[in-house]
A.B. asks: 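The structure is given below, and queries will be raised subsequently.
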Amino acid sequence: MTGAATVAVLIEDPARSSAWLEALARAAPQWRICDGRTLASPEQADFLVLWGNVEGLARYRGLKAILSLGAGVDHVLRNSHLPPGIPLVRMVDPGLTQGMREYVMLHVLRHHLHVRQLEGQQKRRLWRPVSPPRATDRSVGVMGLGAIGGDCATQLAAFGFRVSGWSRRRKALKDVAAYAGPEELDGFLRASEILVCLLPLTDDTRDILDAALFSRLPAGAAVINAARGEHLVEADLLAALGSGHLSGATIDVFRREPLPEDHPFWTHPDILVTPHIASLTQVDSGARSILEAARRILEGESPPGLVDRASGY
Ligand code: NDP
Ligand code: OXD
């Protein structure tokens, strides 16, 4: 990385903060990387690296961009101190995408091959063969075809699944049937025996995984939500599983995190709970990716992941 710039880091969790400060310093040794909590002159910062619910953003008056350590920027956009008019860049990182690819492939395969049922049978010493179709006869739908969802859809198709994808604007991805906009949601859902949600959380997508949507999925469908907890109406999921219309769910993100101890998902036989780990941004790769975005901004280019604040992602 050439030239010099000042990067302030504001991360809610102090333990994570030191790891990021070190990784950013390794990735750009000639840049000034500072802890935003102790920075005396925030107005000198060119970039602000941000994660979590942090305060004091208004003091950063000379910013060229705000760089989010997360792919989802819903919580950043909700921050009432967020200065207007400054470019906001979300995390687009090959490591983050790869992590989600692995998570989605694992959980699609679990539902496809009835692993939960086999685990239940083993507990009861039951020898009952299952005979799922081949992947070529299994339809998987991916909601959200961005940096992460687009990759997962393409990889699932390359593996052999019959894949459909749904986005706001139509996408052309290899071997992925493209559906776009609310008017094509119905057709997309009917072609989704396993539904994977990788949408950003916006006013248009909040509560999208609800009873009406579940009723449009084929009977016996499974749902994987690795996007945001507020996409899912939790009571509607419980009802759809209870009625037998849905066969199972893998849920990584929740309306309240950590998931409260008395939450019914913990003990539900058809729900696998994972603690918001579908894909974690790894510091070295993530630091390189956001500093590359910063470098592009300094050079007057538009980096990948530039957020359209009006659309909310
Ligand atoms: P992107 O912003 O790159 O992609 C978003 C996709 O969703 C785009 O295809 C977009 O359509 C589509 N979309 C947005 N709004 C709508 C809508 N109203 N109707 C239909 N499609 C819509 O995001 P990423 O792929 O990078 O990440 C997706 C989400 O995954 C993040 O926002 C985050 O919440 C979640 N995530 C979760 C992690 C975890 O560990 N659980 C880790 C990382 C991310 P279009 O292409 O037309 O713009
Ligand atoms: C993200 C996340 O948005 O970790 O990157 O959920």
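Both counts, for ligands and for their atoms, begin at 1 and track the order of listing. This is a predicted model, so every value here is computed, not measured. When reading the values below, keep in mind they use all heavy atoms of this one structure, side chains included, and skip hydrogens, waters and symmetry mates. Position 1 is the first residue of the sequence, and the numbers go up from there.
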A.B. asks: I need the nearest protein heavy-atom contact for atom 47 (O) of ligand 1: residue, atom name and distance, please.
C.D. replies: R169 N, 2.6 Å
A.B. asks: Output the distance between atom CG (D46) and atom CG (L298), rounded to the nearest 0.5 Å.
C.D. replies: 6.5 Å
A.B. asks: To the nearest 0.5 Å, tell me how far I11 CD1 sits from L69 CG.
C.D. replies: 5.0 Å
A.B. asks: Just by distance, with hydrogens left out, do D151 and T97 show a side-chain donor and acceptor under 3.5 Å apart?
C.D. replies: no
A.B. asks: N/O to N/O below 3.5 Å, does that happen between G146 and ligand 1?
C.D. replies: yes
A.B. asks: Are any of the N/O atoms on R228, whether in the backbone or the side chain, positioned under 3.5 angstrom from an N/O atom of ligand 2?
C.D. replies: yes
A.B. asks: If you measure from each heavy atom of T205 to ligand 1, is any distance below 4.0 Å?
C.D. replies: yes
A.B. asks: List every atom of ligand 2 that sits less than 4.0 Å from any heavy atom of G72, numbering the atoms from 1 in the order shown and giving each element.
C.D. replies: 1 (C), 3 (O)
A.B. asks: Number the atoms of ligand 1 from 1 as they appear, then name those within less than 4.0 Å of a heavy atom of A227, with their elements.
C.D. replies: 34 (O), 35 (C), 37 (C)
A.B. asks: Using a strict 4.0 Å cut-off to heavy atoms of V253, name the atoms of ligand 1 that fall inside it.
C.D. replies: 41 (N)
A.B. asks: So which bit of L199 gets within less than 4.0 Å of ligand 1, heavy atoms only: side chain, backbone, both or neither?
C.D. replies: both
A.B. asks: Tell me which part of L201 gets within contact of ligand 1: side chain, backbone, both or neither, using heavy atoms under 4.0 Å.
C.D. replies: neither
A.B. asks: So which heavy atom on C152 is nearest to which on L198, and how close?
C.D. replies: SG-CD1, 3.9 Å
A.B. asks: Under 4.0 Å between a Lys/Arg side-chain N and an Asp/Glu carboxylate O for R256 and E230?
C.D. replies: no
A.B. asks: Which of the atoms in ligand 1, numbered in the order shown and given with their element, are less than 4.0 Å from a heavy-atom of G149?
C.D. replies: 25 (O)
A.B. asks: Starting from atom 43 (C) of ligand 1, which protein heavy atom do you reach first, and at what distance in Å?
C.D. replies: I148 CD1, 3.7 Å
A.B. asks: Who's the nearest protein heavy-atom neighbour of atom 7 (O) of ligand 1, and how far?
C.D. replies: P200 CD, 3.2 Å
A.B. asks: Taking distance alone, with N or O pairs closer than 3.5 Å, would you say W166 contacts ligand 1?
C.D. replies: no
A.B. asks: Are T205 and Y313 close enough that a side-chain donor and a side-chain acceptor fall under 3.5 Å?
C.D. replies: no
A.B. asks: Using a strict cut-off of 4.0 Å, indicate which atoms of ligand 1 neighbour a heavy atom of M100.
C.D. replies: 37 (C), 38 (C), 39 (C), 42 (C)
A.B. asks: Considering the options L50, L10, V307, V89, which one meets the side chain to side chain contact (heavy atoms under 4.5 Å, CB included) requirement together with I66?
C.D. replies: L50
A.B. asks: Any atoms of ligand 1 less than 4.0 Å from a non-hydrogen atom of H276? List them with their elements.
C.D. replies: 39 (C), 40 (O), 41 (N)
A.B. asks: In terms of residue, atom name and distance, what is the protein heavy atom nearest to atom 9 (O) of ligand 1?
C.D. replies: L145 N, 2.9 Å
A.B. asks: How many angstroms lie between CG in D210 and CD in E234, if you round to the nearest 0.5 Å?
C.D. replies: 13.0 Å
A.B. asks: Heavy atoms only: which of V73, D204, V307 lies closest to atom 18 (N) of ligand 1?
C.D. replies: D204
A.B. asks: Looking at ligand 2, does any of its N/O atoms fall within less than 3.5 Å of an N/O of G70?
C.D. replies: no
A.B. asks: For the residue pair F254 and H276, is the inter-centroid distance of their aromatic rings smaller than 6.0 Å?
C.D. replies: no
A.B. asks: My understanding is that we take every heavy atom of each candidate and find the minimum distance to atom 34 (O) of ligand 1. Doing that for R170, R206, R228, which one comes out nearest?
C.D. replies: R228
A.B. asks: What protein heavy atom sits nearest atom 16 (C) of ligand 1, and how far away is it?
C.D. replies: R168 CD, 3.8 Å
A.B. asks: Considering both backbone and side-chain atoms of R90, is one of its nitrogen or oxygen atoms within less than 3.5 Å of a nitrogen or oxygen in ligand 1?
C.D. replies: yes
A.B. asks: With distance as the sole criterion, is a donor-acceptor pair present between the side chains of T250 and H111 under 3.5 Å?
C.D. replies: yes
A.B. asks: How far is atom 4 (O) of ligand 2 from the closest protein heavy atom, and which atom is that?
C.D. replies: H276 NE2, 3.7 Å
A.B. asks: Hey, are E193 and S139 close enough side-chain-wise for a donor-acceptor pair under 3.5 Å?
C.D. replies: yes
A.B. asks: Counting both backbone and side chain atoms, is some N or O of D252 under 3.5 Å from an N or O of ligand 1?
C.D. replies: yes
A.B. asks: For the pair E184 and R170, find out whether any cationic side-chain nitrogen is under 4.0 Å from an anionic carboxylate oxygen.
C.D. replies: yes
A.B. asks: Please test L199 against I208 for side chain to side chain contact (heavy atoms under 4.5 Å, CB included), starting from the C-alpha separation and ending with a verdict.
C.D. replies: CA-CA 10 Å; L199 288 166; I208 193 166; 4.1 Å; yes
A.B. asks: Considering only non-hydrogen protein atoms, determine which one is nearest to atom 36 (N) of ligand 1 and report residue, atom name and distance to 0.1 Å.
C.D. replies: A226 O, 3.9 Å
A.B. asks: Return the closest protein heavy atom for atom 5 (O) of ligand 2 as residue, atom name and distance.
C.D. replies: A71 N, 2.8 Å
A.B. asks: Would E299 and R295 pass as an ion pair if we require N to O under 4.0 Å?
C.D. replies: yes
A.B. asks: To the nearest 0.5 Å, what is the distance between CZ on R206 and CG on D74?
C.D. replies: 8.0 Å
A.B. asks: Could you check atom 42 (C) of ligand 1 against the protein and tell me its nearest heavy-atom contact, residue, atom and distance included?
C.D. replies: S279 O, 3.4 Å
A.B. asks: Enter the distance from Q117:CD to R128:CZ here, rounded to the nearest 0.5 Å.
C.D. replies: 8.5 Å
A.B. asks: Taking N or O atoms only and a 3.5 Å limit, does L280 qualify as a polar contact for ligand 1?
C.D. replies: no
A.B. asks: Geometry only, no angles: is L198 polar-contacting ligand 1 at N/O separations under 3.5 Å?
C.D. replies: no
A.B. asks: Is the closest basic N to carboxylate O distance between R288 and E292 below 4.0 Å?
C.D. replies: no
A.B. asks: Of the protein's non-hydrogen atoms, which lies at the shortest distance from atom 46 (O) of ligand 1, and what is that distance?
C.D. replies: K171 NZ, 2.5 Å
A.B. asks: Report yes or no: does R90 have a heavy atom closer than 4.0 Å to ligand 2?
C.D. replies: no
